[in-house]
Trainee: 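Take this structure first; my questions come after.
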Amino acid sequence: SAQPTTSEYLAGRRVVVTAGGTREAIDPVRFIGNRSSGKQGYAVAREAARRGAQVTLISTVDTPAPEGCDLVPVESAEQLREAVLSAGGDVIVMAAAVADFRPATPAASKIKKGYGADDPDAPVIELVRNPDILADLVAARGGERTPYIVGFAAETGDADGDVLTHAREKLARKGCDLLVANEVGDGVTFGQDDSTVYLLRPGTDEVVTVGPASKDDIAAAIWDITRVGLSRRI
Ligand code: CTP
Ligand code: CA
């Protein structure tokens with residue numbers, strides 16, 4: 001990909017990227033998590049820094065930030081929400097796999113198995129919905145703070161439609177400026193090095209297909225298309 005240059009459109013812009021899967025506490029030693037590796041988010045952050053942006057990487061993953069990026073470590077969706085809402089990005093990329101639900105009341109101490117014959121039941125963990133951070137970011141826009149917002153969609157096709165059908169619906173529902181949709185399931189994408197993504201924008205049926213490509217090349221494609229979107233708005 002291109003050499004870093006200060007004449008790039010991202011020079012001086014504040015870019016906020018979220019990466020990794022959130023961890024939702026069950027008790028002090030256990031959590032509900034997901035298979036997101038955070039690699040795509042890291043690649044997006046790295047490429048933004050290469051293009052001259054001031055990058056904040058909000059991450060659940062125990063991996064050092066790429067050169068030139070500030071790292072904000074978080075675990076849960078609630079922590080990630082606080083961090084991203086206060087980060088103040090001109091461009092916000094929600095690459096994190098945010099848990100849709102969390103345990104309603106994490107136990108204050110480690111849940112014990114129970115050894116008695118009269119104690120055979122497994123615990124039931126009640127879940128509650130997490131806030132939809134991407135939707136909150138879109139709702140908070142307006143006035144002088146109108147960040148360009150990029151969402152991700154990990155989709156499997158199902159009886160209701162294929163990956164692109166679900167992605168189009170998600171773009172409409174979320175109201176973001178760009179949706180990066182990829183197909184997941186059975187070892188596809190999560191943790192893999194090459195994948196295919198579809199870039200969808202509001203107001204056009206045109207879909208840009210990228211791949212099979214490395215996460216670095218996908219990151220470059222995301223910043224290329226974001227450049228067009230940003231320049232149209234200014
Ligand atoms: N997202 C978010 N907050 C949540 C859930 C998701 O900000 N509580 C963001 C993700 O970071 C991603 C986008 O929303 O950028 C889409 O996530 P996805 O899980 O694909 O969509 P959902 O709206 O959660 O729908 P579903 O899981 O039912 O497909
Ligand atoms: Ca979800």
Side-chain angles (χ1 to χ4, degrees), residues 15-25 31-45 48 56-61 72-87 89 91-104 127-141 147-185 188-190 195-202 207 210 215 218-219 221-223 225-226 229:
V15 166
V16 176
V17 181
T18 68
T22 63
R23 296 175 165 201
E24 311 296 331
F31 59 83
I32 296 174
N34 64 70
R35 296 186 196 280
S36 173
S37 67
K39 284 181 186 168
Q40 185 64 74
Y42 273 65
V44 168
T56 300
L57 176 59
I58 299 169
S59 173
T60 67
V61 177
V72 178
V74 295
E75 288 197 350
S76 66
E78 299 232 298
Q79 290 169 356
L80 190 147
R81 181 175 183 278
E82 286 299 306
V84 73
L85 285 174
S86 61
V91 182
I92 303 172
V93 182
M94 282 296 299
V98 181
D100 294 325
F101 304 98
R102 68 176 184 277
L127 302 179
V128 293
R129 259 183 116 130
N130 267 329
D132 188 325
I133 302 165
L134 180 58
D136 290 348
L137 286 166
V138 169
R141 283 202 303 207
Y148 186 90
I149 299 175
V150 181
F152 274 66
E155 301 285 355
T156 65
D158 62 20
D160 293 329
D162 62 10
V163 171
L164 270 180
T165 306
H166 284 296
R168 276 189 198 293
E169 284 171 11
K170 193 163 285 177
L171 175 67
R173 193 165 67 238
K174 299 278 188 176
C176 54
D177 300 299
L178 176 66
L179 189 75
V180 182
N182 55 17
E183 191 160 4
V184 295
V188 186
T189 297
F190 279 176
S195 55
T196 299
V197 302
Y198 308 100
L199 305 182
L200 287 76
R201 291 151 298 167
V207 177
V210 185
K215 289 187 160 52
I218 290 169
I222 289 168
W223 288 119
I225 201 168
T226 295

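Remember, it's 1-based here, ligands and their atoms both numbered in the order they're listed. Note that these values count all heavy atoms, side chains included, but never hydrogens, waters or copies made by symmetry.
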Trainee: With heavy atoms of Ala96 as the reference, note each atom of ligand 1 found under 4.0 Å away.
Mentor: 10 (C), 11 (O)
Trainee: Report yes or no: does Thr60 contribute a side-chain atom to a donor-acceptor pair with the main-chain N or O of Gly21 at less than 3.5 Å?
Mentor: yes
Trainee: Can you report which non-hydrogen protein atom sits closest to atom 3 (N) of ligand 1, along with the distance?
Mentor: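 Nearest neighbour among protein heavy atoms for atom 3 (N) of ligand 1, to 0.1 Å: Ile133 N, 3.0 Å.
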Trainee: Pick out which of Leu137, Val180, Val150 makes a side chain to side chain contact (heavy atoms under 4.5 Å, CB included) with Met94.
Mentor: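 Only match with Met94 under side chain to side chain contact (heavy atoms under 4.5 Å, CB included): Leu137.
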Trainee: Is a donor on one side and an acceptor on the other found under 3.5 Å between the side chain of Glu24 and the backbone of Phe101?
Mentor: no
Trainee: Looking at ligand 1, would Ala77 count as a contact under a 4.0 Å heavy-atom criterion?
Mentor: no
Trainee: Answer side chain, backbone, both or neither: which part of Asp100 comes under 4.0 Å from ligand 1, heavy atoms only.
Mentor: side chain
Trainee: Would Pro131 count as a contact of ligand 1 if the rule is a heavy atom under 4.0 Å away?
Mentor: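 True for this residue.
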Trainee: At their closest point, which heavy atom of Gly175 faces which heavy atom of Val138, and how far apart are they?
Mentor: O-CG1, 3.6 Å
Trainee: Any N or O of Met94 that comes nearer than 3.5 Å to an N or O of ligand 1?
Mentor: yes
Trainee: How far is atom 13 (C) of ligand 1 from its nearest protein heavy atom, and which residue and atom is that?
Mentor: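 The closest one turns out to be Phe152 O, 3.0 Å.
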Trainee: Check Asn182 against Thr196 and note the closest heavy-atom contact, atom names and distance.
Mentor: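 Minimum heavy-atom contact is CB-O, 3.7 Å.
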Trainee: Go through Val91 and Trp223 one step at a time and tell me if the side chain to side chain contact (heavy atoms under 4.5 Å, CB included) criterion holds.
Mentor: CA-CA 10 Å; Val91 182; Trp223 288 119; 3.7 Å; yes
Trainee: Counting only heavy atoms closer than 4.0 Å, does ligand 1 sit against the backbone of Ala154, its side chain, both, or neither?
Mentor: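 The answer is the backbone of Ala154.
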Trainee: Using a strict 4.0 Å cut-off to heavy atoms of Ala153, name the atoms of ligand 1 that fall inside it.
Mentor: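 Heavy-atom distances to Ala153 below 4.0 Å select 20 (O).
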Trainee: Taking Asp132 first and then Arg173, would you say they form a salt bridge - that is, a charged N and a carboxylate O separated by under 4.0 Å?
Mentor: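 Here Asp132 does not pair with Arg173 in a salt bridge, since their nearest N and O are not under 4.0 Å apart.
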Trainee: Which ligand 1 atoms are under 4.0 Å away from a heavy-atom of Gly151?
Mentor: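 Counting from 1, the qualifying ligand atoms are 15 (O).
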Trainee: Determine, considering heavy atoms only, which of His166, Lys170, Arg81, Lys174 sits nearest to atom 25 (O) of ligand 1.
Mentor: Lys170
Trainee: For ligand 1, does Ala95 get within less than 4.0 Å through its side chain, its backbone, both, or neither, judged by non-hydrogen atoms?
Mentor: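 Near ligand 1, Ala95 shows nothing, with every heavy atom at 4.0 Å or more.
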Trainee: Under 6.0 Å from the CZ atom of Arg23, do we count more than 12 heavy atoms belonging to anything else shown?
Mentor: no
Trainee: Quick check against the 3.5 Å criterion: does Arg141 have a side-chain atom that pairs as donor or acceptor with the backbone of Pro147?
Mentor: yes
Trainee: Among all protein heavy atoms, pick the one closest to atom 9 (C) of ligand 1 and tell me residue, atom and distance.
Mentor: Leu134 CB, 3.9 Å
